[in-house]
2 protein chains.
Amino acid sequence: MVDEICHICNDKATGKHYGAISCDGCKGFFRRSIRKKRSYVCRFDHNCPVDKNHRNSCRACRLRKCLIAGMKSNAIQNERDTIGKRKKPLESLDGGGPETSSLRDLSEEMVIELLLQSERLCQQLRSSVIKSTEQVSYDSGKTRSAFAERFRPEERRASIDDIGKSIRQQLLLLVEWAKSLPQFQSLTLMDQACLLKANATQIIVLGVAYRSVSMEDTICLANDALISREHAALVGDINCVVRRILDELVVPIRRLSIELPDYVALKAIVFFNPVSHDVTDYERVDGARLECLAALEKRCARIEEIAMRGGSRCRLGRLLLLLPPLQAIAQQLIEDVQLAAVFGVANVDALMQELILQDASANNVITTLAATPTIPIKVEP
Amino acid sequence: MVDEICHICNDKATGKHYGAISCDGCKGFFRRSIRKKRSYVCRFDHNCPVDKNHRNSCRACRLRKCLIAGMKSNAIQNERDTIGKRKKPLESLDGGGPETSSLRDLSEEMVIELLLQSERLCQQLRSSVIKSTEQVSYDSGKTRSAFAERFRPEERRASIDDIGKSIRQQLLLLVEWAKSLPQFQSLTLMDQACLLKANATQIIVLGVAYRSVSMEDTICLANDALISREHAALVGDINCVVRRILDELVVPIRRLSIELPDYVALKAIVFFNPVSHDVTDYERVDGARLECLAALEKRCARIEEIAMRGGSRCRLGRLLLLLPPLQAIAQQLIEDVQLAAVFGVANVDALMQELILQDASANNVITTLAATPTIPIKVEP
DNA sequence: TGGATGCGGTCAAAGGTCAA
DNA sequence: GTTGACCTTTGACCGCATCC
């Protein structure tokens, strides 16, 4: 035995189990979880420590680490005869049922897990982008330290320029995000471009809304610039969109206490819209959407089970009902940008032209898609 | 079990806990005390009696006896993840226990049942309206018998005028439909008007789509006039909307084999949109929506249960995912009507002005709402 | 034939739950 | 907030089959 440390919790390992070096505890935990088709929900931030002393504190994170460590659910065999007691009359199972279903359950966990990974990647990218382009132009006209900006919101008030900048930045991140998704990679380049064109604005608006849950009546742009409801009222053009984001998205999101896994699943569901304009492979896109939907459904069922009496009834439905307003707001934003472009107020670059204004004649994004990652992303004025 | 007496309080023991034979009470007491790092002070002489009847009289002496009996505080582990709900402690008597849930089940059934009644009422109204205004102007310019119209679709091709007429007709029916809903009746007149203004177009489009499931690449207007995809392509204005209704609504609806109960629930969910513009009583509207949502969820769960392996996975989610395209198409229709109105192509009456174009200054619908039914409704056996 | 490996299961003793 | 009867989960330990 070369490796004596459990790859999940660092306890003493007892050998390889289900594909990963692990201790008896993690072995038993994994078997029980798969057998009983359990799906857990993390009550914290999905990065709970999993070690010998804390491995029982969060089953969601423990199972996640089991999967990451390489445990395979199809290594779980069918129940055997009981050792000590009278055996049950065993039924012959037809058609390899249990293995298929345990595989599917597992992939539901994995779907969210993969989406979370893509999300973390993009959040890292975003942080580095914000740092590297710290000199965003605020209305104050002064440059503040990052500390002051973070803790004195009034100093982070967005200018018209910030709005354009944050959209451009988000578009670049969106492309990277999409490229990191396996379901996206399996599409043709044309279909990839169609999905991006058809759904970019919604994804951006959803991101803004989710980022703003902890703010008070204020939305937080991708570059951490802020727009309060009062501020928006002064800038007529964006007034309506900001107000609607706050009323129709941020408030309901807050009521539902949406967490990162909910957000990433919703985002993917919005993105993999099989009736996006000009998409040819309906089945594949719909398949991707259904995967995410099934994962979200499972997660919601689990949450409702735990928080029985809480106001978490119909969670899946209420999450999905965020999408019609999202669609409407994105449409309105597109129109605003269109107007701004016509009047020359906004600085519309090629990517915005293509993904926000959905210019059918533009096809630059395809070259971006085919290229190697465009990271590091730099957004110059 | 050799020793059945708790070494701390002489109650019946349930095994060895933390190193000492003990009862569940002393086990729990020790765990809580250590977890919360409690230190108690004896108010007497540090020799209080600790037995089944007096063990709660002095915590200090109880904890002392726990330690003397051999309980080890390092046997207390860290807090674990929360566990599922506890099974109800089987109420033996015929109290109100199970009825609560069956009552709720009943009300979920009832929600759909009431919606179906309203729907049937409107279908009757529609039939009588179609009959009484049989002279719809077809492109052919001739009047056909109802029989010929029904079975020779090419004869029922819609004119531009038909479109306007069917919209007007549907608006009238929509108001009657809404007025028949108990949840609607409980709102203020202003909120009622807001819901109608904000969601009328979506309801109409949804109705058209549902009515068209059994047609081939053709949508069926409220007055039974038809628009095929090819026909729409010739009439530029409506081309896009018709195409999108077919691709984004009719086809998915067909795939899901939606039935009337699904349709009426979806319709109500669209209608009771709590973030509709200017609605004041968010809670009440959201409550109505949640009722319908819960009913639909229950129905979908039943269907999936019955059709286990069928393609009916994620039915609720897939139904709700019809709504973002519905929202988008309705928005586009509104813009088309707006354009048509500006260019004088369409005949826009006051109700259309108010409910489709969402004219904020118009408030006629309120008088309609307050009045008795505006249509001679005949519902005889 | 026998030890190493990796499936399975068991059940004492941890945990948590929630009406009283 | 605390108690304790009652339930779930954990993991150390063991049996069995397979392979070298």
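These figures come from a predicted structure and were not determined experimentally. Side chains are part of it too, since the values below use all heavy atoms of this structure and drop only hydrogens, waters and symmetry mates. Naming: A, B, ... by sequence-line order, numbering from 1 per chain.
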Anything under 30° is parallel, anything over 60° is perpendicular, the rest tilted; go ahead and classify A:Phe30 against A:Tyr18. tilted

Taking 4.0 angstrom as the limit, do B:Glu304 and B:Arg299 come out as a salt bridge? no

Here the distance between atom C1' of C:dA14 and atom CG of B:Asp24, to the nearest Å, is 12 Å

Starting from C1' on D:dT9, measure out to CG on B:Asp81 and report it in whole angstrom. 11 Å

Atom CZ of A:Phe30 to atom C1' of D:dT9: distance rounded to whole Å? 17 Å

Rounded distance in Å - CZ (A:Arg38) to P (D:dT8): 10 Å

Would B:Tyr40 and B:Ser33 count as a side-chain hydrogen bond (donor to acceptor under 3.5 Å, both in side chains) here? Give the steps. CA-CA 9 Å; B:Tyr40 309 112; B:Ser33 298; 2.9 Å; yes

If you only use heavy atoms from C-beta on, which nucleotide in C:dC7, D:dT2, D:dT9 is closest to the side chain of A:His17? C:dC7

C:dG8 phosphate, OP1 or OP2, under 4.0 Å from A:Arg35 side-chain N/O: yes

Does B:Arg80 place a side-chain N or O at less than 4.0 Å from the phosphate oxygens OP1/OP2 of D:dT8? no

Out of A:Glu113, A:Glu119, A:Gln117, which residue meets the side-chain contact (heavy atoms from CB on, under 4.5 Å) rule with A:Val264? A:Glu119

Please list, in numerical order, the residues of residues 55-77 of chain B that have a heavy atom closer than 4.0 Å to any atom of DNA chain D. B:Arg55, B:Asn56, B:Arg59, B:Arg62

Using whole Å, what does the distance between atom C1' of nucleotide C:dA13 and atom CD1 of B:Ile83 come to? 14 Å

Check this for me, if you would: do A:Arg255 and B:Glu283 make a salt bridge, where the nitrogen-to-carboxylate-oxygen distance has to be below 4.0 angstrom? yes

Using a heavy-atom cut-off of under 4.0 Å over every strand shown, decide if B:Lys36 touches base, sugar-phosphate, or nothing. sugar-phosphate

Assert: residue with more 5' nearest nucleotide on DNA chain D, out of B:Cys26 and A:Phe29, is B:Cys26

Is the side chain of B:Asp81 donor-acceptor paired with the backbone N or O of A:Asn56 at a distance under 3.5 Å, no angle test? no

Pair of N/O donor and acceptor under 3.5 Å linking C:dG8 base with A:Lys27 side chain: yes

Regarding the side chain of A:Tyr18, the nearest nucleotide among D:dC6, C:dC7, C:dT17 is C:dC7

A:Lys12 NZ to D:dC13 P, in whole Å, measures 10 Å

Any base atoms under 4.0 Å from B:Lys16, or only sugar-phosphate, or nothing? Heavy atoms, all strands. sugar-phosphate

Give the rounded distance in Å between these two atoms: CG of A:Asp51 and P of D:dG11. 12 Å

Aromatic contact between A:Phe184 and A:Phe272, with the criterion being ring centroids under 6.0 Å apart: yes or no? no

Could you tell me whether the phosphate oxygens of C:dG15, OP1 or OP2, come under 4.0 Å of any side-chain nitrogen or oxygen in B:Arg31? yes

What nucleic acid atoms does B:Gly28 come within less than 4.0 Å of, heavy atoms only: base, sugar-phosphate, or nothing? nothing

Closest to side chain of B:Arg32, choosing from C:dG8, C:dG16, D:dT2: D:dT2

Please check if atom CG in B:Asn78 has more than 12 non-hydrogen atoms from other residues, nucleotides or ligands closer than 6.0 Å. yes

